[in-house]
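Report on the following structure.
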2 protein chains.
Amino acid sequence: MFKLRYYLFSLLVPALFFACQENTNSSQSESKTTQTKEIEEQPYAIVIHGGAGAMQRGMMSDSLENAYKATLEKAIKTGYKVIEDGGEAIDAVTSAINILEDSPLFNAGKGAVLTHDGTNELDASIMVGKNKDAGAIAGVKRVKNPILLAKAVMENSPHVLLSGAGAEEFAEEQEIELVDPSYFYTEERKRALDKVQQNEVTPNNSSAFVDMDLSDYKFGTVGCVALDKDGNIVAGTSTGGMTNKRWNRIGDSPIIGAGTYADNETCGISATGWGEFFIRGVVAHDIAARMRYGKASLADAAKEVIQKNIPEMGGDGGIIAIDKEGNIVMEFNTDGMFRASIDKNGEMQVAIYEE
Amino acid sequence: MFKLRYYLFSLLVPALFFACQENTNSSQSESKTTQTKEIEEQPYAIVIHGGAGAMQRGMMSDSLENAYKATLEKAIKTGYKVIEDGGEAIDAVTSAINILEDSPLFNAGKGAVLTHDGTNELDASIMVGKNKDAGAIAGVKRVKNPILLAKAVMENSPHVLLSGAGAEEFAEEQEIELVDPSYFYTEERKRALDKVQQNEVTPNNSSAFVDMDLSDYKFGTVGCVALDKDGNIVAGTSTGGMTNKRWNRIGDSPIIGAGTYADNETCGISATGWGEFFIRGVVAHDIAARMRYGKASLADAAKEVIQKNIPEMGGDGGIIAIDKEGNIVMEFNTDGMFRASIDKNGEMQVAIYEE
């Protein structure tokens, strides 16, 4: 089905190109021009993040930095190959995120940070821009790749957001891979938890959760946004949440509109940061709404929200996004953000710190 | 402190009124005129809902209808008295919602519907428009008044959204009233669950959750929005979710941006409806964003979202809202919505069906 469509598309391109040349030159109609461009060439692109935080240059060893970059590169290339081959954005997003989830380096899947009680609670969400379909899960303890469960919730349940033990029961029914909770334990995360808890003043002191002096990034959430050759935008986010989180806290990652949003008319977005502020700011949807109703560009909308609104509220973090024309934005107000992209010209970027 | 401010305000009003008369007449400066109006008179108003659904005229006995109306009237008057006396919008919202939560008639607190397993899982959220502070809880089983726990999360934790057992642990620390889960059991809800489950085809059949032929409303979520004499807007929502929900499903009610949103620059909103669609549509924030970035009126924004976008996606429900000028909107695309309001002129409305 897809192949056929692609074949017809190939035949149409040259014909329409010539047919529309005159039209483009002679007519001022914006809608016609836009239509022409879309038919001429549907850009495709992909972007990922591995979390934003207080990582300063020189803080990590070269070998650790290289390990991060190598995993980011592997993930972005894997996702890109899917859309380059004419596959769907949703498969690009899940395959890229799976690589980040399977790495102990990022705060998602294998590398999830520890809660106050020394356990893991994983959150994830995914949204499809074509029909605004969405799936999400919060607080699962045994799901190896939470993004796949979020996708299953979207595709095979009447619900959008499942949580805790119920979400795991659904995972079993869906034959999603479950692991023993010990799978998520890493020495690295235990040390981070110990350090945060040593600095904890009172359980209600919010600074205990975000001590910026800690030489450990707090927000290593992962995410991916892809735009495929059909013009469909998909965004996904997966996280272990915040080190030392309590009371079955849910952050912004599984919240549609806060941590993840996709709409083919505007853009797809995945966020990483201090989740409480991203929820209150309804960050992902706010960026899309500035484009849709305020006619802002993706770059301007993201800049305003991430560089102004979130810091004014007292929070920090970043977002990755792609608009319908394939423009990529990676905006953050922290020292760094693990990130990679392959743009509509096929050019790859892999970065950690501010350039 | 508040009393003093109010006293000074009383002294200022006549002085500013005369001082600004000429200014208003001679100057075209919009900002000055607006400022003058605000100082002259800060409107205050309140609106509540008790859920939207397929309640058709004649379906309920007169005595049941009267019971609904009496409870709605008690709740709206209780909330209104708080702001009329110069109290804060947040106290108006929680006191009105507490009355609806304590009634077995509404799907929140005492009258919460039953899950697939015959238990109760309660969700709630609250947001303050002044500083966009927010608190929410999902999936609690023993909290008598979930809206009070949402308020405590906002005021006394560094988090926005807590869930399940962890949220209840936090409730205990906060000395929020807990009850035995049997408190929430009503014969009415058991019959509703039995009826839905008799009609259930497969666990994954979404129609099982929303059989519109059932002579039972599905969405009896409650909510309140209030604008106080300080110009602060607060919105809150509390629910038992959807009859027969499974897998620790979380709906839109505890999701900031979907079921609840408040921003003093635009409006406060509480939603009730088929939660999955309200999450995907980021309904509450979308209405506010249409006002903020698209310069729409609250009435137009709400109409577009509730009468067009949500039905186009396949969902239904409604919202209540108040904008910063005190304009009230109660928009729904279902047969009816339990609702009441006291507007900026002090006029009360209590209604169930479309007028």
Side-chain angles (χ1 to χ4, degrees), chain A residues 115 121 127 131-134 136 138-139 153 156-170 173 203-210 242 245-252 254-258 261 275-277 279-282 284-286 288-296 313, chain B residues 115 121 127 131-134 136 138-139 153 156-170 173 203-210 242 245-252 254-258 261 275-277 279-282 284-286 288-296 313:
Chain A
T115 67
E121 291 172 4
M127 186 162 188
N131 51 13
K132 292 185 184 165
D133 217 352
V153 170
N156 304 324
S157 93
H159 296 318
V160 169
L161 175 54
L162 302 182
S163 62
E168 288 186 7
E169 191 192 318
F170 179 73
E173 288 185 20
N204 294 339
N205 184 341
S206 66
S207 70
F209 293 86
V210 288
M242 200 171 255
K245 66 183 178 182
R246 290 186 76 178
W247 306 302
N248 300 131
R249 172 258 193 189
I250 299 175
D252 64 317
I255 307 297
I256 298 301
Y261 190 71
E276 277 68 17
F277 292 92
I279 293 177
R280 290 166 53 200
V282 199
H285 185 264
D286 193 34
R290 285 165 187 267
M291 295 174 67
R292 182 183 274 268
Y293 308 125
K295 309 295 172 208
M313 291 172 89
Chain B
T115 67
E121 292 172 2
M127 188 162 187
N131 50 13
K132 293 184 182 164
D133 218 352
V153 169
N156 304 325
S157 92
H159 297 318
V160 169
L161 175 54
L162 302 183
S163 61
E168 288 186 6
E169 191 193 318
F170 179 73
E173 288 184 21
N204 295 338
N205 185 340
S206 67
S207 71
F209 293 86
V210 288
M242 199 171 255
K245 66 182 178 182
R246 290 186 75 178
W247 306 301
N248 299 130
R249 172 256 194 190
I250 299 176
D252 64 316
I255 307 297
I256 298 302
Y261 189 72
E276 276 69 16
F277 292 92
I279 292 177
R280 290 167 52 199
V282 198
H285 185 264
D286 193 35
R290 285 166 187 265
M291 295 174 68
R292 179 183 276 268
Y293 308 125
K295 309 296 171 206
M313 292 172 87

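Just the heavy atoms: all of them, side chains too, but no hydrogens, waters or symmetry mates, feed the values below. Lettering follows sequence order; numbering is per chain, from 1.
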Expected output: side-chain [X] to main-chain [Y] donor-acceptor under 3.5 Å:
X	Y	answer
B/Ser163	B/Gly139	no
B/Arg290	B/Ala296	no
A/Arg280	B/Val160	no

Heavy-atom contact with chain A under 4.5 Å, split by part of [X]:
X	result
B/Ile255	side chain
B/Tyr261	side chain
B/Asp133	both
B/Ala288	neither

For chain B, the option from A/His285, A/Lys132, A/Met313 that forms the most heavy-atom pairs under 4.5 Å: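 Ranked by heavy-atom pairs under 4.5 Å with chain B, first place is A/His285.
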Tell me which of these, A/Asp286, A/Ile256, A/Ile279, has more heavy-atom pairs under 4.5 Å with chain B than the rest. A/Asp286
Applying side chain to side chain contact (heavy atoms under 4.5 Å, CB included) to B/Phe170 and B/His159, what does each step give before you reach the verdict? CA-CA 11 Å; B/Phe170 179 73; B/His159 297 318; over 6 Å; no
Looking at every heavy atom in both B/Ala138 and B/Ile250, which two are closest together, and how far apart are they?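 Looking at all heavy atoms of both residues, the closest pair is CB-CD1, 3.7 Å.
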Among B/Val153, B/Asn131, B/Val282, the residue with the most heavy-atom pairs under 4.5 Å to chain A is B/Val282
Whether A/Arg249 and A/Glu121 form a salt bridge (side-chain N of Lys/Arg under 4.0 Å from carboxylate O of Asp/Glu) is what I want to check. no
